[in-house]
There are 2 protein chains.
Amino acid sequence: MAKRKPVSIRDVARESNASLTTVSLVLNKRDGRISSATRERVLKAVDKLGYVPNRLAQSLQAQKSGFLAILVPELRHVFADPYFGELISAIEEAANEAGYKLLLEVAHKQDIEQKRHVELFQRRFVDGLLCLGSTNRDDFLGDFVGSDNAVIIVNNHLPALSLNSVMCDYRQAGVLAAEHLIDLGHKDIAYIHGAAEVQTASDLRESFEARLASSGIKMPKNHAADGLYTEAGGAAAAAQLLKTNPNITAIMAGNDKMAIGAIAGLKNAGLSVPKDVSVVGCDDLQPSLYSDPPLTTIHTPLDEVGHRACTAVLALFEGKQEHVTETLPVSLTLRNSTCGPRKIR
Amino acid sequence: MAKRKPVSIRDVARESNASLTTVSLVLNKRDGRISSATRERVLKAVDKLGYVPNRLAQSLQAQKSGFLAILVPELRHVFADPYFGELISAIEEAANEAGYKLLLEVAHKQDIEQKRHVELFQRRFVDGLLCLGSTNRDDFLGDFVGSDNAVIIVNNHLPALSLNSVMCDYRQAGVLAAEHLIDLGHKDIAYIHGAAEVQTASDLRESFEARLASSGIKMPKNHAADGLYTEAGGAAAAAQLLKTNPNITAIMAGNDKMAIGAIAGLKNAGLSVPKDVSVVGCDDLQPSLYSDPPLTTIHTPLDEVGHRACTAVLALFEGKQEHVTETLPVSLTLRNSTCGPRKIR
DNA sequence: ACGGACAGATAAATCCTTTTACTTCCTAGA
DNA sequence: TCTAGGAAGTAAAAGGATTTATCTGTCCGT
């Protein structure tokens, strides 16, 4: 149990009667000019002592840490949310392939006030930063505009700031959802939205309403309710919408969580989904498969978003790219929470 | 956009006409012997140049990185699993409070074969390691036994290895679940288990069966099926159990995921939950609240497990503690997936 | 016998910070 | 006048690795 002190390159040099330089060259395979006899000696010593280079020292010297940070908003149990989880999983895969490690960073209010996020770079903590769940109110992101830090907004974009981003096409998502409901024959449609300060949430809603409008379907103000991005919020919103507008035959929700909540709310009110009211979600996360009924939803390729975002942030860091804005297409996943409208009266 | 090179303590020293030592002392508040005039000069320079100490250099010198690693198994979308997510959220909170950062580490086969997990310590990457989702087959964990590395098994324990651990009392969980079903009057009970190589899964099952047995209820071999720790597996297992034993009136599942899958499987077979068959889960994660019906389950205090595990691993690192084995009590969360047995025949 | 070329190896600088062990310079006491 | 001791500050080492520039020595050609 004794804290035995770690082996350094110095020890290897001593053990093998070579210089630090020689050992380093051998270990980094830049040993074109090292005789194979010396190489052997060095390697034997490395093996005998169980030497492994100190990563901190390497990073210090190389001026790069090999870390990428993932910044997530400060929400209760944020990592338990499959939306973030799926993105993180995808990012991890890509990072691992590229030999990078992932650092978790939660945007605690304090940290942001003290500009800790900028320090991440200044202090050489990380080589790049991936921002998940950003909102238009996160003005600390402005600190990165025009800086040479490798920062990317994942699955969102901030119109006010010119920042790099990789995201799904939420405008297309709105159109697809709207067309699906139109095709089924719905005319009385309600909307449960997430936070307005999330740009993609606005994109989704706007394009959804626009597409309905272009087919002559209007959505009055009271056909929309805030679902707070949670199941409970979705349930409450559904209940409220139902009370105000008993005639609605379909509900579109800004994400799967709210859609699942809405289904619970509707059932609670004695209605059947989809017979009485159809429900469409957005994201196509795992839970939508096991909701009852399984959720018809817009599939957003989060896996690919995560992968590309990670690749992009590395490209930025390495200076291979100056600016990134990618938008990936989405699709409709048909399950059982939608059908034609019930006959009213 | 130009890569302006970072400010170092040297620049501050030059700017303020002081020595490196002086600057360092001022910044670390060890400035008992520095005149306030000098202090002011230094601070002004720090401010003017926007100096922030390089974390890598600090870590190198302090011989501690300030990082803790979270090791998770290599499963598809592992971070999207609320079980891991909830633990990670809890650990993050505790780590943040203690001023530590979290590093994500996936136990890729390759890495394990190459003993990369040990390197995490040798290379001074991390000060401590928290292992989630470990199994009895993870014999690489043996490399940590008797080492002075701060390692902790989170919400599990490995009887073959004497490693530190913090976990829930899964034996108690089994007893509580069994007693609940016994109290309701069930006699024909089936079990959907997770992987046998997860020790807590075995604990749960053994204690569940033992408690049933002590009330004279036997569970024949064919009353148990493997749910693969997934919803799909749970659904398949339920279907199979039903086919072999049409008389079962209750199913206990090793975790919520499989329970939710089982409910889907039962509904699929035309049965109603809980009227025809009661279902009990284990974990009490978010989805169990929004399943239909909401799931009766064993509440495991994962939040507290995460917190304590993090605190413990820090105590180990700082040498304040030599060994840790904590077991936290669980409780029954009553929802609507259980009721008395239906009348058979 | 001598200059050039090349192989093999290394000293020293660098990355940045903290800390130990001095060095100065004063002042107060004897 | 001299000295002990405190105040203010600093040089240098340590922490561990990489890389540049340099140095030896050998061999070849002339």
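In the text below, chain A, chain B and the rest are named by the order of the sequence lines, each starting its count at 1.
Within the structure, ring pair (Phe, Tyr, Trp, His ring centres under 6.0 Å) contacts touching residues 68-107 of chain B (residues at least two apart or in different chains) do not occur. Within the structure, the salt bridge (Lys or Arg N to Asp or Glu O under 4.0 Å) test picks out the following pairs touching residues 87-103 of chain A (sequence neighbours left out): A/Lys101-B/Glu105. Pairs engaging residues 51-67 of chain A under the salt bridge (Lys or Arg N to Asp or Glu O under 4.0 Å) rule: none recorded [sequence neighbours left out]. Listed by first and then second residue, the salt bridge (Lys or Arg N to Asp or Glu O under 4.0 Å) pairs that reach into residues 133-146 of chain B are B/Lys115-B/Asp143, B/Arg137-B/Glu197, sequence neighbours excluded.
Comparing the axis of the opening five pairs of the helix from C/dA1-D/dT30 to C/dA30-D/dT1 with that of the closing five pairs yields an angle of 80°, rounded to 10°.
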Scoring nucleotides 11-17 of chain D by protein non-hydrogen atoms under 4.0 Å (B base, S sugar-phosphate only, - none) yields BB-BBBB
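A/Glu304 pairs by the salt bridge (charged side-chain N to carboxylate O under 4.0 Å, His left out) definition with A/Arg308, not counting sequence neighbours. With sequence neighbours left out, the salt bridge (charged side-chain N to carboxylate O under 4.0 Å, His left out) criterion links B/Asp81 to B/Lys257. For the salt bridge (charged side-chain N to carboxylate O under 4.0 Å, His left out) test, no residue two or more places apart in sequence or in another chain qualifies with A/Arg33. Qualifying salt bridge (charged side-chain N to carboxylate O under 4.0 Å, His left out) partners for A/Arg10, counting only residues two or more places apart in sequence or in other chains: none.
The CZ atom of B/Arg39 sits 14 Å away from the P atom of D/dA7 (whole-angstrom rounding). The interatomic distance linking A/Lys64 (NZ) with D/dT19 (P) rounds to 12 Å, in whole Å. Whole-Å rounding puts the B/Arg33 CZ to D/dG5 C1' distance at 15 Å.
Within the nucleic acid shown, B/Thr22 comes within 4.0 Å of at least one base atom, counting heavy atoms only. In this structure, B/Ser59 reaches neither bases nor backbone, as no heavy-atom distance under 4.0 Å exists between it and the strands shown.
There is a side-chain donor-acceptor pair under 3.5 Å between A/Gln199 and A/Asn136.
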Throw together a table of side-chain donor-acceptor distances under 3.5 angstrom for residues 44-54 of chain B, partners on residues two or more places apart or in other chains.
unit_1: B/Lys48; atom_1: NZ; unit_2: B/Glu15; atom_2: OE2; d: 2.8
unit_1: B/Asn54; atom_1: OD1; unit_2: B/Leu56; atom_2: N; d: 2.7
unit_1: B/Asn54; atom_1: OD1; unit_2: B/Ala57; atom_2: N; d: 3.0

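Counting 5' to 3', DNA chain C first comes under 4.0 angstrom of a heavy atom of chain A and last does so at the ends given by C/dG8 to C/dC16.
Taking all atoms of both residues into account, the shortest heavy-atom contact from B/Ala18 to B/Val42 is CB-CG2, 4.2 Å.
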